[in-house]
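Take a look at the structure below.
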Amino acid sequence: MTYSSYWLTNVRLETGYQYNNNETITGTDTAIFHLLVENGKFTKIVPQETVISDNVIKYDAQKWLLLPTFKEMHIHLDKTYYGGPWKAVTPAKSIFDRFAEEKELLPQLLPTAKDRAEKILNLLIGFGSTHVRTHVNIDPVVGLKNLEATLDALQTFSGKISHEIVAFPQHGLLQSGVESLVREALKHGATHVGGVDPHTVDGNIEKSLNTIIEMAVDTNSEIDIHIHDRDHLGLFTMNRLADLTEQARLHNKVTVSHAFGFAGIPDTKAAELAARFAQLGIEVTSTVPIGKLFMPIPLLKEKGVQVSLGTDSLTDHWSPFGNGDNLEKAGRLAELYGYADEWSLSQSLKFITGGKTPLDKQGKQVWPVVGDDADMNLVKASCSAEAVARRATREAVFYKGTLLSGSLSH
């Protein structure tokens, strides 16, 4: 469905929260509306009883709930077994063993890299994600070839998905000597400077971070750095990153992926660093780890840090897990942190939408409004809270008004 204008009729929109006598939120009010989409944007939103007298084509949403589409903010499209035969992870004693494995594996995967990336993008769209930030290996083994394959795959989906690309020196920016390659990647389609563990991998926190910052400033790029280091090393690294972000005036241009230095430290220290991140607009992307590692995501949100979710590995040599479903990820987050009430569940949707929710924290309807891009999911749920808790099926997925997945009758 690629019409430049059409009516989407019988759409369920959230209109406010329900309260009991104690002013506790107990549910969500919804109503049925008709939405006019023109040139990829909402141009009219009218109540169900409104008579539509024009001749514009109409599609019936069957009273399904409308949600914003999702953003997949951390994935590796270029490194995956997805679309090929099953293979579990080979045990490795250290991250450096995994690097050694990659040096053998990446050239073998390269001939099918574009095809596998396209299969993942199809999967993501089916799950309602129409924006992707992918990390792409930049290393001495594959050079810029993984970037080229990823760009080719993304070109296949032009007009169907928006994207960002992180030039990711998986084997270490300093350790593998790829600064010049990363700079080349930024000239040829990459949007972000990447990095990984300035201490454990690069062996020099100061030089690694300064090099990343310098490249971002020189090329007017943003930053997305993997930091897995824990305890005082992770905390120190992230504090130095905050210092350098402030000095370089890179406010709102830096993301820390994983940010495991926040895990397991005293709340006072975590809160102090979170407040700095919020002030500088440094975002955190998480995979919502489970098990021994427990990220203080509610604390980060309380302090004003923008937290987004991502799949990371999707059945590759790092992990056999990951399914590409960010609504599943939001549901896992809600379970893990006890977001079981109506308000917490509905507001947790913002972790996967870039901050958009149909209702704001006070229950005012804020999405969709006339003029918004028609990036939307129709889901089989009565409200956002149910959609998150029950991982509602996505019946139809739209990007700028174009139907990408699912079907509608007219």
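The analysis underlying the following values was restricted to heavy atoms, covering all of them including side chains, and did not include hydrogens, waters or symmetry mates. The shown structure was predicted, so the numbers you read here are calculated from the model rather than taken from an experiment.
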Carboxylate-amine/guanidinium proximity below 4.0 Å for [X] and [Y]:
{"X": "Arg183", "Y": "Asp218", "value": "yes"}
{"X": "Asp243", "Y": "Arg276", "value": "yes"}
{"X": "Lys114", "Y": "Glu148", "value": "no"}
{"X": "Asp224", "Y": "Arg133", "value": "yes"}
{"X": "Lys119", "Y": "Asp115", "value": "yes"}
{"X": "Arg98", "Y": "Glu102", "value": "no"}
{"X": "Arg391", "Y": "Glu335", "value": "yes"}

Give a yes or no on this: more than 12 heavy atoms of other residues, nucleotides or ligands lie within 6.0 Å of atom [atom1] of [X].
{"X": "His251", "atom1": "NE2", "result": "yes"}
{"X": "Glu272", "atom1": "CD", "result": "no"}
{"X": "Arg390", "atom1": "CZ", "result": "no"}

Is the closest side-chain donor-acceptor distance between [X] and [Y] under 3.5 Å?
{"X": "Thr26", "Y": "Tyr17", "answer": "no"}
{"X": "Thr156", "Y": "Glu118", "answer": "yes"}
{"X": "Thr200", "Y": "Asp229", "answer": "yes"}
{"X": "Thr69", "Y": "Thr130", "answer": "yes"}
{"X": "Thr30", "Y": "Arg12", "answer": "yes"}
{"X": "Glu342", "Y": "Thr28", "answer": "yes"}
{"X": "Thr211", "Y": "Glu179", "answer": "no"}
{"X": "Asp139", "Y": "Asn137", "answer": "yes"}
{"X": "His34", "Y": "Thr9", "answer": "no"}
{"X": "Asp60", "Y": "His410", "answer": "no"}

I need the full list of ring pair (Phe, Tyr, Trp, His ring centres under 6.0 Å) pairs touching residues 140-167, with sequence neighbours left out, sorted by first then second residue. none

Quick note, ring pair (Phe, Tyr, Trp, His ring centres under 6.0 Å) partners involving residues 174-199, not counting sequence neighbours, are none

By side-chain hydrogen bond (donor to acceptor under 3.5 Å, both in side chains), Thr393 pairs with (sequence neighbours left out) Glu395

Under 6.0 Å from the ring centre and within 45 degrees of the ring axis: does the NZ or CZ of Lys329 meet both conditions for the six-membered ring of Phe127? no

Using the test ring pair (Phe, Tyr, Trp, His ring centres under 6.0 Å), find all partners of Phe70 that sit at least two apart in sequence or belong to another chain. none

For Phe294, enumerate each residue passing the ring pair (Phe, Tyr, Trp, His ring centres under 6.0 Å) test, keeping only those at least two apart in sequence or located in another chain. Tyr337

In this structure, is the centre-to-centre distance between the rings of Phe168 and His226 below 6.0 Å? yes

Taking atom CG of Leu121 and atom NZ of Lys160, what is their separation to the nearest 0.5 Å? 10.5 Å

Between Phe277 and Phe262, does the ring-ring contact (aromatic ring centres under 6.0 Å, His included) criterion hold? Intermediate values first, please. CA-CA 12 Å; Phe277 272 27; Phe262 278 111; 5.6 Å; yes

Can you name the closest pair of heavy atoms from Gly159 and Tyr399 and give their distance? O-CD2, 3.2 Å

Should the pair Phe260 and His258 be assigned to parallel (<30°), tilted (30 to 60°) or perpendicular (>60°) ring geometry? tilted

Looking only at atom types and distance, does a side-chain atom of [X] sit under 3.5 Å from a main-chain N or O of [Y], one as donor and one as acceptor?
{"X": "Glu184", "Y": "Ser180", "answer": "no"}
{"X": "Tyr6", "Y": "Gly401", "answer": "yes"}
{"X": "Ser344", "Y": "Asp341", "answer": "no"}

In this structure, which one of Asp312, Asn146, Thr311, Thr134 forms a side chain to side chain donor-acceptor pair (under 3.5 Å) with His76? Asp312

side-chain contact (heavy atoms from CB on, under 4.5 Å), paired with Leu273, selected from Asn239, Leu300, Ile282, Val305: Asn239

Check the pair Arg332 / Glu328 against salt bridge (charged side-chain N to carboxylate O under 4.0 Å, His left out), numbers first and verdict last. CA-CA 6 Å; Arg332 176 200 285 185; Glu328 167 65 33; 5.5 Å; no

Which atom pairs, donor and acceptor, lie under 3.5 Å between side-chain atoms of residues 369-377 and protein residues at least two apart or in another chain?
residue : atom : partner : partner atom : Å
Asp372  : OD2  : Val369  : N            : 3.0
Asp373  : OD1  : Lys41   : NZ           : 2.6
Asp373  : OD2  : Lys400  : NZ           : 3.0
Asp375  : OD1  : Lys400  : N            : 2.6
Asn377  : ND2  : Gly128  : O            : 3.1

